[in-house]
Amino acid sequence: MDWSQVNWMAIMPELIILGFAVIVLLGELFLSPSARRSLGAITLVGIIIAMVGVVRLWGVEATEFSGMFSVDLTANVLKLILLITTALVVLGVLRVKVTLGEGEFFSLMLFSVLGTMFMASASDLIMLFIALELTVLPAYVLVASKKNARSAEAALKYFLLGIVASVVLLYGMTLLFGMTGSTNFTAIANSLHGRSLEPMLLVSIIMIMVGLGFKVAAVPFHFWAPDVYEGSPVPVASYLSAGPKAGGFAALIHLFPVALASAAPVWATLFAILAVLSMFTGNLVALAQTNVRRLLGYSAVAHTGYLLVGLAVADKLGYLSMIFYFFVYSLAALGAFLVVLATTERGIGENVTDFAGLHKRSPMLAIAMAIFLFSLVGVPPFAGFMGKFFLFASAVKSNLIWLAIVGVLNSAISFGYYVTVIRQMYLVSPESDGVVTVSKPLYLSIMLIMAAVVFLGVYPTAFLSIIKL
Amino acid sequence: MVIPLSWYLIVSAILFGIGLIGVLLRQNAVTILFSVEIMLNAANINLVAFSRYITPSAISGQMFALFVMAIAASEVAVGLAIVLTIYRNIQSVDIDKINIFKW
């Protein structure tokens with residue numbers, strides 16, 4: 001490898017994030033406790049600079065580092081979504097007491113973001129595996145950071161299921177490597193081209209699907225999601241609800257359509273099955289939940305189901321609708337978590353009944369929560385409606401009408417549990433009428449997300465023209 | 001006598017199976033952690049064997065195995081820390097006793 005030929009510009013956003021992660025970590029070591037409070041702001045600045053870096057790479061199509069790392073529109077869009085949602089989380093928790101030291105918390109988060117960004121750009125099995133581990137290892141630590149029984153239990157379940165999924169994924173990758181003699185996605189595709197579906201390839205596809213299915217919390221690999229969403233500290237749960245999944249979906253979009261293109265009908269069918277299972281399991285179990293965070297956890301599982309419809313469609317339109325819906329979903333889910341953060345910060349519990357009469361105690365929080373939940377159901381004019389519309393329309397165009405019908409049916413089921421929260425907020429009188437105050441950055445973050453959810457619902461072309469749908 | 005590739009793959013598959021059984025049947029969190037290590041090493045045997053027999057001129061498979069070893073080490077570090085946190089909370093590492101969250 002000739003080092004002068006390597007285009008370092010291609011990994012500039014990643015290098016910026018890496019630099020800031022190290023700076024923030026060192027800040028924890030050397031700064032005085034009062035100066036450490038500024039580390040959150042430094043993290044925010046770093047993420048915004050990295051966003052500028054991603055925007056500067058817009059329209060660039062390049063594969064660097066001996067085919068390890070590729071920059072394309074899909075990777076850039078997913079990185080930008082990841083950075084936007086992470087920036088909103090960091091903005092939201094600026095004035096919130098995080099569970100670890102500020103420097104540790106934000107640098108772990110940045111390292112996880114770094115892994116996710118590499119995952120979005122990985123075009124090699126080695127790169128993909130390392131990036132995936134870099135994403136999840138800091139996440140395990142963050143989940144455990146509260147050190148109480150609930151946090152530790154959530155972390156242990158996340159960790160044990162996570163490493164088993166990683167190993168299964170790795171074994172599937174080794175089989176793929178053995179069949180094709182290469183770890184590069186394009187080379188794998190060339191080698192598999194025209195070959196019939198060997199049993200070993202099928203085993204390898206299923207194993208890779210198990211590993212990545214865990215990442216995005218698809219049924220039947222979803223068991224960690226509700227526990228982690230409920231048990232981890234709320235800022236961490238907010239981050240996990242949006243950010244790391246971008247990496248999982250980026251890996252799915254890059255690995256399956258590129259490297260395994262010749263086996264497309266097989267994995268498309270498998271994804272359709274996973275989608276249906278995730279939708280029904282997530283929505284039906286969510287109906288029985290009383291804890292808001294756990295409810296959002298099962299709602300996340302259901303939404304993974306909707307998103308996998310895009311992979312079941314297995315064409316460009318499907319992937320692009322999936323990216324759009326992912327953005328819309330992660331905004332709404334993140335917003336809902338930040339509202340939960342705002343209320344738990346003021347000592348309000350996490351049960352659905354604890355939200356009783358929220359509109360009297362904090363009208364803006366209640367209306368924001370209602371908008372996020374309506375967007376998650378897919379009620380027009382909010383963004384969730386447009387997202388689901390494009391996703392199910394792509395399914396109909398590919399003659400998967402039954403899948404679109406299952407999706408719409410599930411949206412109707414999901415209304416049942418989202419509406420219980422809205423009913424509590426607006427129709428039940430509160431136990432105390434103390435006003436819920438929210439710290440300014442958190443309020444700003446929630447309002448920004450609310451504006452984005454409404455804007456993308458009314459004017460989705462703003463984003464769709466960017467991803468060229 | 002030259003050992004054929006399939007022998008390595010059989011050993012690797014057996015190791016993977018042993019590890020998987022350990023993960024599914026054992027109650028001790030540390031034992032589960034070590035069962036996963038066995039599975040990781042099964043994958044490493046695969047990588048090195050494929051690298052030697054399928055692509056003898058390239059070393060990408062062996063490089064992959066090296067990275068897997070590094071990752072396995074960091075996984076154990078994080079994993080043992082989490083197990084320690086669990087132990088401090090409930091004085092046990094038995095996963096049957098870790099049952100705050102139901103479904």
Side-chain angles (χ1 to χ4, degrees), chain A residues 66 124-127 129-130 132-134 136-141 143-164 166-175 177-184 200 223 226-228 230-231 285 288-289 291 294 297-298, chain B residues 5 9 12-13 16 19-20 23-24 29 32-33 35-51 53-56 58 60-61 63-68 70-72 74-79 81-90 93 95 97-103:
Chain A
S66 319
D124 190 286
L125 295 179
I126 302 178
M127 185 75 175
F129 186 68
I130 297 171
L132 187 141
E133 289 301 309
L134 182 57
V136 289
L137 284 176
Y140 299 144
V141 180
V143 172
S145 62
K146 210 169 188 177
K147 294 183 189 145
N148 62 12
R150 298 171 76 81
S151 169
E153 174 171 335
L156 188 72
K157 284 185 176 168
Y158 189 21
F159 174 76
L160 287 180
L161 290 168
I163 52 170
V164 173
S166 291
V167 173
V168 173
L169 171 71
L170 176 67
Y171 204 84
M173 283 178 172
T174 64
L175 294 182
F177 168 67
M179 264 178 299
T180 59
S182 172
T183 54
N184 186 283
M200 197 155 143
F223 294 100
D227 293 352
V228 167
E230 186 185 350
V285 181
Q289 300 305 322
N291 181 301
R294 201 166 183 78
Y298 277 107
Chain B
L5 173 62
L9 299 187
S12 146
F16 192 82
L20 195 60
V23 168
L24 295 176
I32 294 177
L33 206 56
S35 305
V36 174
E37 291 300 308
I38 295 176
M39 292 164 82
L40 272 170
N41 284 316
N44 274 348
I45 292 178
N46 257 0
L47 282 172
V48 177
F50 280 135
S51 180
Y53 283 83
I54 309 265
T55 57
S60 56
M63 285 305 297
F64 201 164
L66 275 178
F67 280 118
V68 171
I71 286 169
S74 42
E75 266 179 353
V76 170
V78 170
I82 292 173
V83 172
L84 200 62
T85 323
I86 279 281
Y87 185 78
R88 282 189 184 147
N89 276 295
I90 63 168
V93 289
I95 52 164
K97 293 193 178 133
I98 301 170
N99 53 9
I100 301 174
F101 302 120
K102 304 293 185 198
W103 56 279

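All chains are named by letter (A, B, ...) in the order of the sequence lines, taking the proteins before the strands, and each is independently numbered beginning at 1.
With a 4.5 angstrom heavy-atom cutoff, Ile126(A) touches chain B via backbone and side-chain atoms both. Heavy-atom distances place the side chain of Phe159(A), and not its backbone, under 4.5 Å from chain B. Looking at Glu153(A), the atoms closer than 4.5 Å to chain B (heavy atoms on both sides) sit in the backbone and in the side chain alike. Contacts of Leu5(B) with chain A are absent, with no heavy-atom separation under 4.5 Å from either backbone or side chain. Only the side chain of Ser166(A) comes within less than 4.5 Å of a heavy atom in chain B; its backbone stays farther off. With a 4.5 Å cut-off on non-hydrogen atoms, Leu175(A) touches chain B through its backbone and its side chain both. The contact between Val23(B) and chain A is made entirely by side chain atoms (from C-beta outward), counting heavy-atom distances below 4.5 Å. Both the backbone and the side chain of Phe64(B) come within contact range of chain A, with heavy atoms under 4.5 Å apart.
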Mind listing the side-chain donor-acceptor pairs of residues 37-47 of chain B below 3.5 Å, one per line with the distance, residues two or more places apart or on another chain?
unit_1: Asn41(B); atom_1: ND2; unit_2: Glu37(B); atom_2: O; d: 3.2
unit_1: Asn46(B); atom_1: OD1; unit_2: Ser12(B); atom_2: OG; d: 3.1
unit_1: Asn46(B); atom_1: ND2; unit_2: Thr174(A); atom_2: OG1; d: 3.1

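The nearest pair of heavy atoms linking Leu9(B) to Tyr171(A) is O-OH, 4.5 Å. Looking at every heavy atom in both residues, Gly178(A) comes nearest to Ile54(B) through O-CD1, 3.3 Å.
No other option in Ile90(B), Ile86(B), Thr55(B) has as many heavy-atom pairs under 4.5 Å with chain A as Ile86(B). Looking only at heavy-atom pairs under 4.5 Å with chain B, the residue among Asp124(A), Asn148(A), Val143(A) that has the most is Asn148(A). Ranked by heavy-atom pairs under 4.5 Å with chain B, the list Val141(A), Ile163(A), Leu170(A) is led by Ile163(A).
No more than 12 heavy atoms of other residues, nucleotides or ligands sit less than 6.0 Å from atom CZ of Phe67(B).
From Phe129(A), atom CZ reaches atom CD1 of Ile71(B) across 5.0 Å, with rounding to the nearest 0.5 Å.
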